[in-house]
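Labels below follow one simple rule: chain letters A, B, ... track the order of the sequence lines, proteins then strands, and each chain is numbered from 1.
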There are 4 protein chains.
Amino acid sequence: MSLRERKVAKKKEDILRSASLVISRNGYQNATMEDIAAELLMTKGALYYYFKNKEEILYSCHDLILSAAMEQMEAIYQEELSSMDKMKKAIKTHLDIAIREKEVFNLIVKPEQLFSEDNIEEIIEKRDQYARIFDKIIAEGVKRGEFTVSDKKMARMIILGATNWVQVWYSPEGKFKKEKVEDIYAEYFLKMLA
Amino acid sequence: MSLRERKVAKKKEDILRSASLVISRNGYQNATMEDIAAELLMTKGALYYYFKNKEEILYSCHDLILSAAMEQMEAIYQEELSSMDKMKKAIKTHLDIAIREKEVFNLIVKPEQLFSEDNIEEIIEKRDQYARIFDKIIAEGVKRGEFTVSDKKMARMIILGATNWVQVWYSPEGKFKKEKVEDIYAEYFLKMLA
Amino acid sequence: MSLRERKVAKKKEDILRSASLVISRNGYQNATMEDIAAELLMTKGALYYYFKNKEEILYSCHDLILSAAMEQMEAIYQEELSSMDKMKKAIKTHLDIAIREKEVFNLIVKPEQLFSEDNIEEIIEKRDQYARIFDKIIAEGVKRGEFTVSDKKMARMIILGATNWVQVWYSPEGKFKKEKVEDIYAEYFLKMLA
Amino acid sequence: MSLRERKVAKKKEDILRSASLVISRNGYQNATMEDIAAELLMTKGALYYYFKNKEEILYSCHDLILSAAMEQMEAIYQEELSSMDKMKKAIKTHLDIAIREKEVFNLIVKPEQLFSEDNIEEIIEKRDQYARIFDKIIAEGVKRGEFTVSDKKMARMIILGATNWVQVWYSPEGKFKKEKVEDIYAEYFLKMLA
DNA sequence: GATGAATGAGCATTCATTCAT
DNA sequence: CATGAATGAATGCTCATTCAT
């Protein structure tokens, strides 16, 4: 990658970071191009040099985080661990991301209202891919006899639902430390899957 | 209540129902005053006779549903049932509301972005009140020895998080019937609390 | 038509008149909604109460004039006149419109660049309909032995082309009076068709 | 002219050719500096090294074509031919240019909307110069007794108007071949002038 | 000479809100 | 009470133009 390409890539990242920030503060619909640019001391016109339109920024934001999450999760799946430990690690990792990326991660919730038809399929597919890693961990656990579940998919929904929800109430200043939350969540879910 | 007052109250209800409907269809940000009025064969100007502004409609919508939910939940809490059965019923009821009221219920998620400071405190207080009924059911179950949980509040968060999430993926046309979902969710959570 | 409907119709007409004026002054691409509104002492937002978007204003402008022209021309065709006189009258009428409606009439020239696919077909069809009235007059003249032309369609193109061009150079303050222009044009074309 | 000067001149020509092309494709208002540069594999910034601004490109484009046309037309006027043949040749040549240069030639139509005051006078003067060659041919024909016209200027307007209009409807894929069109047009006009 | 990057002014469009009637 | 009409502020996006490197 040439110097220039790296500069562009860096700038794009900056923009996505700024966008994430603004979205976190105001929500997607209230995040204006102006806001995103101002955060970077640019003018909104400049954003269009790097991204085609607002949706592309949003999409990239989302993609960036989800891709990274997927990578981590896939790595966990590949590790040589008991299913219990794998799930524990997966839950903790997911919680970690959901808390750190709060709003952007939250975009996953209603893609139909935020993305145009061009992107929506890919979005949903990626989301499903991510979810399927949890399915695989559960399936593995069941096969190994570590887990007993009446419906695997539903179990995954419960786990992901509950962990996604954490961003609604979690605050770094709150009574619970992040690590504590992760431990308890993992404990409960393992009990549920046992 | 005079006849006129009753008429006004009726109209307000109509408006809230329409607002709920439109919000469910399009999401809050895409629900225009025009849409809400059109559904009732009124003009948007008339809405301002009954409500101060859009936020007040939203607030009332939210309040209406949450109040009703609270009432149901409180009734369940008062019933003479084992904690297991109480929780089962509570979960099913909550799921039922979350599915039926989808979008409006979803407003709970990020009140800071939707409500001005005037309303936000009250909103959060009410939400907490609702949640506290679950806390009470859990506490009761623990006292009676039916549940064993390391952290009551966290257990409640998990339950509510997972059940709120259901609206993200549930569709009446989908593979799972509502009753089936309710059963499985209840089963998993009871296992978790046991 | 109720009072209100008439009021709306009147306002729409006003807007179209204003749009015509502004388009005449600045050309279509340089005619902003702001300009059109300002001319009527309205704000641009109000225009959207009457028309869906800028293109619809443009389209209506165009349609209004072309429809009126078509009516006049059809009437001329129906009159009991020699083909010579009919053509003379048609040419004069067309010149009259082309001069009076200058810019708006000029929109006919490149519809592909100005109209979206939704309207373009109808636009072109209407333009062709109008042209076909000239074809009929020529054909009639040929049948009656008043005209001799090697190619009817080409003759019509020449006549319409030349008369449309008149708006490029004609000015009320110029050396030639409108009536004089009309007479000379008619004379030349009749000689051409004879 | 030094080597460097020649290089610059060459580049300017390239730019004008590209501009013509892009304008022909999209129309002037939709021809962006970006488009013009892209065609030459340059960046739009570079265009400003050769031309002060977009208008100057447009102006030069227009000037280039009109100058070439004038040269051809002047040559025709100088030829030793009957007025009939001269006019025939002139019409064919004009049609040829109008068809080939379509959009750029079309700029002539409303110079006031496209050019600033600095250029407009010169534009109009050049356009008139071009037209005057037709006047001279007609005048010559009248003097020689080949043509009989009641008003020379008006005859020229009709001829130029009709031939300019040809670009509105002519298409290489259409039913009429270019040569056929030229022949018929010449025939009609000569009949008109006879 | 040329490029990448940025600017800033402008425009169509949307929509909550207001208010005379 | 309700409506029709209008407002105005906001927003995404485009593009000619500039300029440091």
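Checking E:dC11, E:dA16, F:dT17 against every side-chain atom of B:K54, the shortest atom distance belongs to E:dA16. Of the candidates E:dT3, F:dA16, E:dG1, E:dT3 carries the atom nearest the D:M42 side chain, counting heavy atoms from C-beta on. Listed nucleotides E:dT17, E:dG10, E:dA5 differ in distance to B:N53; the shortest reach to its side chain belongs to E:dT17. Of the listed nucleotides (E:dT13, E:dA2, F:dG12), E:dT13 has the atom at the smallest distance from the side chain of C:Y48. Taking only side-chain atoms of A:A46, from C-beta outward, the nucleotide of F:dC1, F:dT7, E:dA6 with the closest atom is E:dA6.
For the pair A:L40 CG and E:dA6 C1', the interatomic distance rounds to 13 Å; values are reported in whole Å. The distance from atom CG of B:L58 to atom P of E:dC15 is 16 Å, rounded to the nearest whole Å. Rounded to an integer number of Å, the gap from B:L3 CG to F:dC1 P is 9 Å. Distance NZ (C:K7) to C1' (F:dT3): 12 Å, rounded to an integer number of Å. With rounding to whole Å, D:M33 atom CE is found 16 Å from E:dG4 atom C1'. Between A:F51 atom CZ and E:dA6 atom P the separation is 12 Å, expressed in whole Å. For the pair B:L47 CG and E:dC15 P, the computed distance is 15 Å after rounding to whole Å. Atoms CD (D:E34) and C1' (F:dC13) sit 15 Å apart, rounded to a whole Å.
At E:dA6, none of the side-chain N or O atoms of A:K44 fall inside 4.0 Å of OP1 or OP2 (strictly under the cut-off). Proximity of A:Y49 to the phosphate of E:dA6: no side-chain N or O atom is located under 4.0 Å from OP1 or OP2. At F:dA2, one or more side-chain N or O atoms of B:Y50 fall inside 4.0 Å of OP1 or OP2 (strictly under the cut-off).
Atom CD of B:E117 has 12 or fewer neighbouring heavy atoms from other residues, nucleotides or ligands inside a 6.0 Å radius. Heavy-atom contacts from other residues, nucleotides or ligands closer than 6.0 Å to CD of D:E121 number 12 or fewer.
For the pair D:E55 (side chain) and D:S116 (backbone), a donor-acceptor distance under 3.5 Å is present. Looking only at distances, a side-chain donor or acceptor of B:Q167 sits under 3.5 Å from a matching main-chain atom of B:N164. Checked by atom type and distance alone, the side chain of A:S18 never pairs as donor or acceptor with a backbone atom of A:D14 at under 3.5 Å.
Annotation: of the two residues near DNA chain E, B:K52 and D:K11, the 5′-most nearest-nucleotide partner is D:K11. Ranked by how close their nearest DNA chain F nucleotide is to the 5' end, D:Q29 and A:Q29 are led by A:Q29. When each of C:N30 and A:R4 is assigned the nucleotide of DNA chain E bearing its nearest heavy atom, the one mapping closer to the 5' terminus is A:R4.
At a threshold of 4.0 angstrom between heavy atoms, the contacts of B:V8 with the nucleic acid are absent. Using a 4.0 Å heavy-atom distance criterion, C:A37 is classed as making no nucleic acid contact.
For C:K54 and C:Y28, the positive end sits near the middle of the six-membered ring, less than 6.0 Å away and at most 45° from its axis.
Across all strands shown, E:dT3 is found opposite F:dA20 as a Watson-Crick or G-U wobble partner, with both distances under 3.5 Å.
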